[in-house]
Each structure stands twice: as C-alpha cells, then as structure tokens.
Amino acid sequence: MGSVARRPIHHDGPVRTQVAIVGAGPAGLALAHLLHLQGIDTVVIETRRREYVEKRVRAGVLEQPTVDLLREVDVGDRLAREGLTHHGTTLRFRNRSHRIDFTGLTGSAITVYGQQEVVRDLITARQEADRPLLFEVDDVRLEGIDGERPQVHLVHQGEPLQIDCDFIAGCDGFHGVSRPTIAEELTTFERFYPFAWLGILAGTRPSSQELVYASHENGFALHSMRSPEVTRQYLQVEPDEDLAQWPDERIWSELRTRLFDEDGFDLEEGEIFEKSITPMRSFVAEPMQSGRLFLVGDAAHIVPPTGAKGMNLAIADACVLSHGLGAFYAEGSREQLASYTQTCLRRVWRAEHFSWFMTSMLHRLNADDPFERKLQLSQLDYVTSSRAAATSLAENYVGLPFPTPWRWKD
Ligand code: FAD
Ligand code: DHB
C-alpha cells in the first residue's frame, strides 16, 4: 500500500501543506501526530514500505517522559497493556549483581516496549486521522529552504510529486537527505567506538525481571526482553564483525559466560529468530535548523545504544518542534522556532554524555591496558554503592524532563 490516507494524493499539480515531514520513524510520526492535534496540516513521506518500518527491530526502552507523552496524546493504550514497566536495572560485574532502584531513587520507571510497536501505534493514529503518509517514495529533494515557500520534490507511484509547504521537518534518520542538504552550514562532533553490538531476538523466557547490563573481561553483554516469551540480548563484538562467525551455539555460550552470576542466573537458550550488528557512534550536528528546515532525531544526532536514549531523544525533539510550530501558527511567534536548536541541544548533549559514560564504563576497551579496567571497576563500585552516584545514573536513565510541553497552549 502506498499511503495510509483514504483520500488519494493527486499528481496533477503541487500538493500544499503546512509542514512536510520527511521520514516515518519515531521522530516523523510523533511530530505528525502532535501537529495534527494542534490542527496543523502535514504530509509525511517515507522511502520504505509500511511493512518494513513496522517490523524494523531497534530500540526497546522508553523513558518515563516518553511514556507520559504517548499516553497524554492518546497513543498509549497498547503501550499501557503490553509495555513492561521496570522499576530498576541490574549492573553485573565481577560476576555479581548490583541493582539500581530507579523508582526508589527517582520516583520514575522505564517501560520496555519495542520501537516498532511505537511506530505501529503512531501509524494507526495517522490512519485514524485520515492524514497523508506516503510510503515507498523515491528521489526526495528539498528546495527553497531559505525562502518562505520551501518544496519537497519526490517520486510517488512512479509519478513526480511536488509538496509546497511552510516548513520541512527532516526526520529521515542518519542516512537521509535532510542533513546533507545543509551540510555546509553544520559543525559536526563525532566519536567512533572500536566495537559493535550483535543483537538477537530469541524465543526464550527472560532470566531476570529487569534488564541486566554486564561488564565482563570478554566484553559487554545485555540481557533484555520484549515479552514474557521473547528476549532481546546483545553482545559486544568487533566493529567489522561477520555474523557468519556467530552460529547460535557461540552466541549462547558467550552470553552464558558474560552474564554469569555467582548467585545464580539461569539463562534459557532457544530459537534465535533475528540477528543483526549495530555499529556504535556518537554524533551531533549543530545547528539543528537552517532556514525553514529543521532536523529532528537521528537526522541530527546519534548516541551509542548503551544508554537506551536514541528513540527517546527523537521523540523529545519532535515535542520541542511541535511546541514551536504551535506558537508560530497560533500567534505568529517565531521565538520558539528560533531557539529550537538551543532548546534541543541542551538535552541532546546530556544524553550524549550519559550514553558515552555508560558505554565507556561497561565495554571492554583496551585489553592491553589493565589500568583502564581498574578505572571501570572503580566506577562500577561507585555507582552501585553511593546513593548519590546511583541517583545520578538512575535520573539520566529514566529520562530528564522534556524541555517544553508538546502543545503551544492548552
Ligand atoms: P529513524 O528511526 O531512522 O527513522 C527515519 C526514517 O526516515 C526511516 O523510516 C527511513 O526509512 C526514512 N528515510 C530515510 N531517508 C529518507 C528520505 N530521503 N525520504 C523519506 N524518508 C526517508 N536506540 C536505542 O536506544 N537502543 C537500541 O538498541 C537501538 N538499536 C538500534 C539499531 C539500529 C540498527 C539503528 C539504526 C538504531 C538503533 N537505535 C537504538 C537508535 C534508535 O533506533 C534511533 O535513535 C531511532 O530510530 C531514531 O528515530 P528517528 O525517527 O530519528 O530515525
Ligand atoms: C535495549 C536496547 C538498548 O540499547 C538498551 O540500552 C537497553 C535495552 C533493548 O533493545 O531492549
């Protein structure tokens, strides 16, 4: 199917909308929904098929502010039913477990709910609103972003299409067209990590009620889940790792070793039905706006997944932009839009730091440098024994408040 709206898009002239949204990931779909609720018209375009975006396995942890927002804007029913609320997490090192009590330390919790489920819920909301969301578009180009009437050019169902709009939201992820369109105006900050994550989905029961982050001499491991019958687990591997070198037995054996707990941790093994490798990088492009183009989510920044922040940051950016566009359309105020970059970046850099901190503390860094390992273990001892340090970790993990409300005014 090419679109979720019942009314067809006509290709015999430009389509007019207020905000053109490029990309139907969490950022683009959340923004479309928040703007729709403020009466702002949008067209969303997406290069992939609907089935593809609804099945793409990625992040799984929703911060408290993300959950609160999704519920407030009526896309949280299934999340409330199927999401798994976790009040803490385990850090495992020297083969012993240490719990960080999120709720006891901060009053908040996290919810485990796959990113593709969030995407499905937002696509359903778009469909119920009967607003255009075009899948499988090609050859997307952004033009006129320095003027008052930017345009998006694309090919849809084999026909060229032009969208005339007031603003473009570049929600097209790290490999999209939006950031390259304004590359010359951006300063970028970047760090590569000398490892990657091998992620699996398995038809096994979780061996623990909460997530386990393990720092082991062989490398990092993470035990997570999607439901009482499905686990999501990760292993630190080489950056150029070949999946073919990881038959199921090797994955289970390495998970067993790295997740071992002297006090007992009974890892259930079973069918692995998804395997993938995720590279690890930190990246920020500044500013997040040029003229009438705004970058939202992964289009502007990437974090390594150890802090579980990527999808949450994307939704927080969408919230800030929705607030700014709400102010523009309600009152003609440009102030909030002008401070979009500054408002987002403060929270983005906090998440960049936290993600780097968790990554550096938990992964095997340089095997030839025992000094580094001693520093990591000291840090792990500290965050699991000092209430102040544990609170800092917990407050970042459950999510700092979003910088603005999503709506301009009630
Ligand atoms: P995306 O989800 O990337 O959405 C962008 C959308 O734009 C895509 O649907 C894409 O198809 C579309 N698009 C691209 N180009 C165009 C174009 N030219 N025109 C129209 N549409 C276009 N985060 C975690 O917290 N934990 C994890 O375990 C984790 N694992 C990840 C694994 C992988 C392989 C990747 C890539 C990311 C992972 N992340 C993880 C990060 C998290 O998934 C992202 O931060 C999140 O998806 C960001 O949402 P977004 O909407 O900004 O971008
Ligand atoms: C998951 C992913 C993460 O990056 C993380 O830090 C915790 C959990 C997950 O996919 O469940």
Side-chain angles (χ1 to χ4, degrees), residues 20-32 43-50 52-54 56-63 66 84 86 89 110-116 118-119 122-123 133-142 152-156 168-181 196-201 206 210-213 220 222-227 230-234 274 276-281 283 295-318 348 351 354-355 358-359 362 397 399:
I21 299 179
V22 185
L29 291 167
L31 180 64
V43 174
V44 185
I45 58 165
E46 164 62 50
T47 43
R48 302 287 193 161
R49 295 166 63 233
R50 177 175 179 173
Y52 181 88
V53 299
E54 288 188 342
R56 190 164 40 192
V57 179
R58 282 187 174 179
V61 172
L62 302 187
E63 295 175 348
T66 304
L84 308 170
H86 288 189
T89 196
I110 53 127
T111 301
V112 177
Y113 190 65
Q115 174 169 327
Q116 74 275 28
V118 175
V119 163
L122 287 166
I123 291 177
L133 161 50
L134 313 184
F135 289 100
E136 299 176 72
V137 305
D138 283 317
D139 295 337
V140 178
R141 280 182 298 115
L142 315 183
V152 180
H153 297 268
L154 58 113
V155 173
H156 180 233
I168 302 175
C171 307
D172 46 353
F174 191 67
H175 301 288
V177 294
S178 299
R179 198 181 61 258
T181 304
W197 276 14
L198 189 167
I200 61 159
L201 270 179
E210 296 172 342
L211 271 58
V212 179
Y213 285 85
F220 171 76
L222 171 58
H223 185 77
S224 180
M225 61 211 68
R226 287 292 176 271
S227 74
V230 175
T231 55
R232 174 84 169 138
Q233 309 191 58
Y234 299 94
E274 215 261 353
S276 61
I277 304 256
T278 306
M280 307 273 279
R281 65 149 71 82
F283 175 90
L295 302 180
V296 187
D298 274 18
H301 42 74
I302 297 284
V303 284
T306 330
K309 290 282 163 252
M311 169 177 41
N312 296 288
L313 276 185
I315 292 177
D317 288 354
V348 166
F354 180 67
S355 304
M358 290 286 280
T359 302
L362 289 162
Y397 196 90

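Counting starts at 1 for both ligands and their atoms, in listed order.
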Under 4.0 Å from any heavy atom of Val61, which atoms of ligand 2 are there? 7 (C), 8 (C)

Could you say whether the N/O atoms of Phe174 and ligand 1 ever approach to under 3.5 Å? no

Any idea which protein heavy atom is nearest atom 51 (O) of ligand 1, and the distance to it? Ala27 N, 2.9 Å

Mark up the atoms of ligand 2 that fall under 4.0 Å of a heavy atom belonging to Ser224, in ascending order. 8 (C), 9 (C), 11 (O)

Between ligand 1 and Arg232, can you find any atom pair, the residue atom being a heavy atom, that is separated by under 4.0 Å? no

Protein contact to atom 34 (C) of ligand 1 [nearest heavy atom, distance to 0.1 Å]: Thr278 OG1, 3.9 Å

Under 3.5 Å between some N or O of ligand 2 and some N or O of Trp197? no

CA sep, side-chain torsions, deciding dist, call: Asp138, His156, side chain to side chain donor-acceptor pair (under 3.5 Å): CA-CA 7 Å; Asp138 283 317; His156 180 233; over 6 Å; no

Tell me if a side-chain donor or acceptor on Arg179 pairs with a main-chain N or O of Ala299 at a distance below 3.5 Å. yes

Worked check of side-chain contact (heavy atoms from CB on, under 4.5 Å) between Arg141 and Leu154: CA-CA 6 Å; Arg141 280 182 298 115; Leu154 58 113; over 6 Å; no

Counting distance only, does the side-chain N/O of Asn312 pair as donor-acceptor with the main-chain N or O of Leu62 below 3.5 Å? no

How far is atom 35 (C) of ligand 1 from its nearest protein heavy atom, and which residue and atom name does that atom have? Arg58 NE, 3.5 Å

Restricting to heavy atoms, the pick from Asp172, Thr306, Val53 nearest atom 16 (C) of ligand 1 would be Asp172

Contact (N/O only, under 3.5 Å) between Tyr397 and ligand 2: no

Measure the shortest side-chain to side-chain distance between Glu136 and Thr47 over non-hydrogen atoms and say whether it is less than 4.5 angstrom. no

Can you tell me the protein heavy atom closest to atom 9 (C) of ligand 2 and the distance? Arg226 NH2, 3.4 Å

How far is atom 17 (C) of ligand 1 from the closest protein heavy atom, and which atom is that? Thr47 CG2, 3.6 Å

Is there a side-chain contact between Asp298 and Phe283, using heavy atoms and a 4.5 Å cut-off? no

Could you walk me through whether Ile200 and Tyr234 pass side-chain contact (heavy atoms from CB on, under 4.5 Å), step by step? CA-CA 6 Å; Ile200 61 159; Tyr234 299 94; over 6 Å; no

Right, does atom 39 (N) of ligand 1 have protein non-hydrogen atoms nearer than 4.0 Å? no

Start with the C-alpha gap between Arg56 and Gln116, add the side-chain angles, then the distance that decides, and say whether side-chain contact (heavy atoms from CB on, under 4.5 Å) holds. CA-CA 6 Å; Arg56 190 164 40 192; Gln116 74 275 28; 5.5 Å; no

Nearest non-hydrogen protein atom to atom 45 (O) of ligand 1, with distance, is Asp298 OD1, 2.7 Å

Contact check, Tyr234 vs ligand 1, heavy-atom distance below 4.0 Å: yes

Heavy-atom closest contact (Met280 atom, Pro305 atom, distance): SD-CD, 3.3 Å

Return the orientation label for the Tyr213 and Tyr397 ring planes: parallel under 30°, perpendicular over 60°, tilted otherwise. perpendicular

In the protein, what heavy atom is nearest to atom 27 (C) of ligand 1, and what distance, to one decimal place, separates them? Ala59 CA, 3.5 Å

Quick look: Thr306 vs ligand 2, heavy-atom contacts under 4.0 Å, and the answer is backbone

Would you mind running through ligand 2 and noting each atom that sits below 4.0 Å from a heavy atom of Ala308? 5 (C), 6 (O)

Which atoms of ligand 1 are found less than 4.0 Å from any heavy atom of Gly310? 25 (O), 45 (O)

Partners passing ring-ring contact (aromatic ring centres under 6.0 Å, His included) against His223 (at least two apart in sequence or in another chain): Phe265

Need the ligand 2 atom indices (1-based, order shown) with element for anything under 4.0 Å from a heavy-atom of Tyr213. 5 (C), 6 (O), 7 (C)

With heavy atoms of Ala314 as the reference, note each atom of ligand 1 found under 4.0 Å away. 48 (C), 49 (O), 52 (O)

Atoms of ligand 1 under 4.0 Å from any heavy atom of Lys309, numbered from 1 in the order shown, are 25 (O)

Does Met358 come within less than 4.0 Å of ligand 2, judged by its heavy atoms? no

For Ala20 and Val152, the nearest pair of non-hydrogen atoms, with its separation, is CB-CG2, 3.7 Å

Closest contact, heavy atoms only, Ala318 versus Ala30: CB-CB, 4.2 Å

Short list, please: which atoms of ligand 1 are under 4.0 Å from a heavy atom of Gly297? 52 (O)

Are any of the N/O atoms on Pro305, whether in the backbone or the side chain, positioned under 3.5 angstrom from an N/O atom of ligand 2? yes

Element-labelled atoms of ligand 1 that are located less than 4.0 Å from some non-hydrogen atom of Gly173: 3 (O), 5 (C), 53 (O)

So if I count the atoms of ligand 1 from 1 in the order they appear, which ones are less than 4.0 Å from some heavy atom of Ile45? 20 (C), 21 (N)

Yes or no on side-chain contact (heavy atoms from CB on, under 4.5 Å) for Val22 and Cys171, after CA distance, side-chain angles and deciding distance? CA-CA 5 Å; Val22 185; Cys171 307; 5.9 Å; no

With heavy-atom distances below 4.0 Å as the criterion, list the atoms of ligand 1 near Gly176. 15 (N)

Can you pull out the closest protein heavy atom to atom 1 (C) of ligand 2? Residue, atom name and distance to 0.1 Å, please. Tyr234 CE1, 3.9 Å

re atom 5 (C) of ligand 1, the protein heavy-atom contact at minimum distance is Cys171 O, 3.3 Å

Is any side-chain heavy atom of His86 less than 4.5 Å from a side-chain heavy atom of Met225? yes

Of the non-hydrogen atoms in Val140 and Val177, which two are nearest, and what is the gap between them? O-CG1, 3.7 Å

Identity and distance of the protein heavy atom lying nearest atom 4 (O) of ligand 1: Gly25 CA, 3.5 Å

Need the ligand 2 atom indices (1-based, order shown) with element for anything under 4.0 Å from a heavy-atom of Leu211. 7 (C), 8 (C)

What residues form a side chain to side chain contact (heavy atoms under 4.5 Å, CB included) with Glu54, not counting sequence neighbours? Arg50, Arg120, Ile123

Atoms of ligand 1 less than 4.0 Å from Val177 heavy atoms? 18 (N)

Heavy-atom closest contact (Val155 atom, Asp139 atom, distance): CG2-OD2, 3.9 Å

Taking every heavy atom of Arg226 against every heavy atom of Gly114, the minimum-distance pair comes out as NE-CA, 3.8 Å

Counting heavy atoms only, which of Gln115, Glu46, Arg56, Arg48 is nearest atom 46 (C) of ligand 1? Gln115

